Amino acid sequence: MKNIIIFGAPGSGKGTYSEEIKSKYGMGHISTGDVLRSEISNGTDLGKTAKGYIDNGQLIPDDLMIDILAKTYDSLGDCNGVIFDGFPRTTAQAEALKTMLKARGDDMGMMIELVVDEATLMARLLNRAKEQGRADDNEETIKKRFAVYHSQTEPLSDWFAKEGIRNVFTWKGSKEQMLSEIFSEIEKQS
Ligand code: AMP
């Protein structure tokens, strides 16, 4: 399988669709948000540093994040392609990912962008706050995360388009429809 980068705003379904793709095709999966949350719950130094940024709705600095990503990728071992969920979020991270994969004889494969209107995103995140109790899923932090997404992450969409690997999927109210469109694009490109 090609590597897959899942890209989209907070609440767009990156984690959900990553799980579906992973179980259908048996791929490796890196969620940088999950890696950071596990560092926080293990009380590591990295977790302590990350917590300040996450609770504030900000991004972890690029140098640190790139280092974490490379270590996580190298610890995966042999995989039938890897799903990158929540990384890259800045142009510097994207350039670093491209370089890192090239150095390992691999490439970025395809990027899947999930486009969802902001009212739906907000409703989903507030609902997730009730169900999972994530510290950064409160209205004030969510608004900051949207602002960070628009200023630092969304411009990356065009970077992927220039790389010729962007595939956009727009939410029309049905998870099943999104999934079937995503699966057929993956299979077309595999
Ligand atoms: P997520 O679970 O993907 O929504 O990530 C939760 C939080 O972790 C984000 O709001 C950031 O603070 C941090 N984070 C996750 N991935 C990255 C990344 N690639 N770059 C910087 N910060 C990140």
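In each ligand, atom 1 is the first atom listed, and ligand 1 is the first ligand listed. As the structure is a computational prediction, the values presented were derived from the model and not from experiment.
Legend: residues meeting side chain to side chain contact (heavy atoms under 4.5 Å, CB included) with S174, ordered by chain and number and at least two apart, are E176, Q177.
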May I have the N/O to N/O pairs between ligand 1 and the protein that fall below 3.5 Å, each with atom names and distance to one decimal?
from	atom 1	to	atom 2	distance (Å)
ligand 1	2 (O)	R37	NH1	2.9
ligand 1	2 (O)	R37	NH2	3.0
ligand 1	2 (O)	R134	NH1	3.4
ligand 1	3 (O)	R89	NH1	3.1
ligand 1	3 (O)	R89	NH2	3.2
ligand 1	4 (O)	R89	NH2	3.3
ligand 1	4 (O)	R134	NH2	3.3
ligand 1	12 (O)	Q58	O	2.6
ligand 1	16 (N)	T32	OG1	2.8
ligand 1	16 (N)	G86	O	3.4
ligand 1	16 (N)	R89	NH1	2.9
ligand 1	19 (N)	G86	O	2.9
ligand 1	19 (N)	Q93	OE1	3.0
ligand 1	20 (N)	Q93	NE2	2.9
ligand 1	22 (N)	I60	N	3.1

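Side-chain contact annotation: Y53 with D136, donor-acceptor N/O pair under 3.5 Å absent.
Under a cutoff of 6.0 Å and an axis angle of 45°, R124 and W171 form a cation-pi pair. Taking the ring axis of F7 as reference, the NZ or CZ atom of K14 does not stay both within 45° of it and closer than 6.0 Å to the ring centre.
A salt bridge links K188 and E185; the closest N-O separation between the charged side-chain nitrogens and carboxylate oxygens is under 4.0 Å. The residues K102 and D107 are annotated as not salt-bridged, no charged nitrogen and carboxylate oxygen being separated by less than 4.0 angstrom.
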